[in-house]
Amino acid sequence: MPATTSRRDTRQRRVILELVEHSKAHPTAEEVYRLARKKLPTISLGTVYRNLGLLVEQGSIREVRFDDGVSRFDGHLEQHEHFVCGNCGTVIDLPRALDVKQLTKLASTIGSVTDYKLELTGVCKACGRK
Ligand code: ZN
Ligand code: MN
């Protein structure tokens with residue numbers, strides 16, 4: 001973080017953090033931008049990108065990417081999995097249910113594990129009803 005962080009910078013970052021933390025939708029940068037403009041009408045898309053990057057670097061939010069390759073932002077830092085609807089793209093949180101320790105142990109014969117990701121794909125209830 002630069003030494004001269006203005007009050008405006010701080011406010012912008014706080015608004016962006018709160019938007020991501022309170023969202024369950026795993027918003028993209030552009031979705032965060034649209035929401036942020038309701039509170040900060042003069043904010044630019046570039047500022048939103050920069051602040052999202054900083055918040056990820058700080059570990060305040062996480063960047064997640066699914067099949068469409070688009071960066072999304074997740075304010076839920078506890079370990080969890082995701083269900084992605086192949087029809088509407090909705091991303092829904094799931095609690096971590098697998099014993100990752102056992103998998104990691106199995107993988108240790110191949111190499112050292114640094115990360116783990118499980119993604120369930122399907123059709124969400126709302127899409128299934130159509
Ligand atoms: Zn859906
Ligand atoms: Mn999530």
Side-chain angles (χ1 to χ4, degrees):
M1 212 186 292
T4 52
T5 304
S6 73
R7 196 168 294 182
R8 192 185 68 154
D9 289 346
T10 307
R11 168 127 202 274
Q12 287 173 333
R13 193 156 316 144
R14 200 188 58 232
V15 167
I16 290 168
L17 175 61
E18 281 172 4
L19 284 174
V20 176
E21 278 180 337
H22 295 153
S23 172
K24 285 192 173 120
H26 306 83
T28 64
E30 307 211 340
E31 284 161 354
V32 173
Y33 170 60
R34 244 175 282 143
L35 293 167
R37 281 184 68 186
K38 290 180 188 167
K39 288 187 178 178
L40 307 166
T42 61
I43 198 166
S44 71
L45 181 58
T47 298
V48 170
Y49 269 106
R50 187 167 45 82
N51 280 291
L52 286 169
L54 281 167
L55 289 166
V56 169
E57 238 172 71
Q58 285 172 13
S60 304
I61 62 173
R62 287 197 310 171
E63 187 173 351
V64 289
R65 221 175 281 219
F66 304 104
D67 274 356
D68 60 7
V70 178
S71 281
R72 293 168 192 282
F73 298 90
D74 195 338
H76 304 115
L77 300 176
E78 75 285 1
Q79 305 271 38
H80 64 279
E81 320 294 0
H82 293 108
F83 177 101
V84 183
C85 176
N87 189 55
C88 68
T90 295
V91 180
I92 301 158
D93 284 336
L94 283 169
R96 175 157 288 186
L98 274 186
D99 184 354
V100 186
K101 251 187 231 152
Q102 205 192 339
L103 269 178
T104 306
K105 211 170 166 188
L106 288 168
S108 69
T109 59
I110 304 162
S112 58
V113 176
T114 54
D115 201 3
Y116 152 90
K117 191 163 110 179
L118 176 71
E119 183 184 325
L120 285 81
T121 319
V123 180
C124 77
K125 275 188 181 170
C127 287
R129 261 185 240 117
K130 278 175 201 157

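FYI, side chains are in, hydrogens and waters are out, and symmetry mates aren't considered; it's all heavy atoms of this structure. All ligand and atom numbering here is 1-based and tracks the order in the structure. Residues: numbered from 1 along the sequence shown.
With respect to the Mn ion (ligand 2), His82 has NE2 as its nearest N, O or S atom. Taking the N/O/S atoms of Asp74 in turn, the shortest distance to the Mn ion (ligand 2) belongs to OD2. Distances from the Mn ion (ligand 2) to each N, O or S atom of His26 single out NE2 as the nearest. His80 contributes atom NE2 as its closest N/O/S atom to the Mn ion (ligand 2). The Mn ion (ligand 2) is closest to atom OD1 of Asp93 (considering only N, O or S atoms).
Scanning both residues, Arg65 and Ser71, for their nearest heavy atoms gives NH2-OG, 3.1 Å. When all heavy atoms of Arg62 and Val56 are compared, the closest pair comes out as C-CG2, 4.4 Å.
Rounding to the nearest 10°, we obtain 110° for the angle at the Zn ion (ligand 1) between Cys85 SG and Cys127 SG. Here the angle centred on the Zn ion (ligand 1), running from SG of Cys124 over to SG of Cys88, is 110°, rounded to 10°.
Here CD of Glu81 is found 7.5 Å from CG of Leu120. Values are rounded to the nearest 0.5 Å.
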Item to complete: Could you please spell out the steps behind the side-chain contact (heavy atoms from CB on, under 4.5 Å) verdict for Val15 and Asn51?
Response: CA-CA 10 Å; Val15 167; Asn51 280 291; over 6 Å; no
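In this structure, Arg96 places its CZ atom where more than 12 heavy-atom neighbours from other residues, nucleotides or ligands lie under 6.0 Å away.
The side-chain hydrogen bond (donor to acceptor under 3.5 Å, both in side chains) test with His82 singles out one residue from Glu119, Arg72, Lys117, His26, and that residue is His26.
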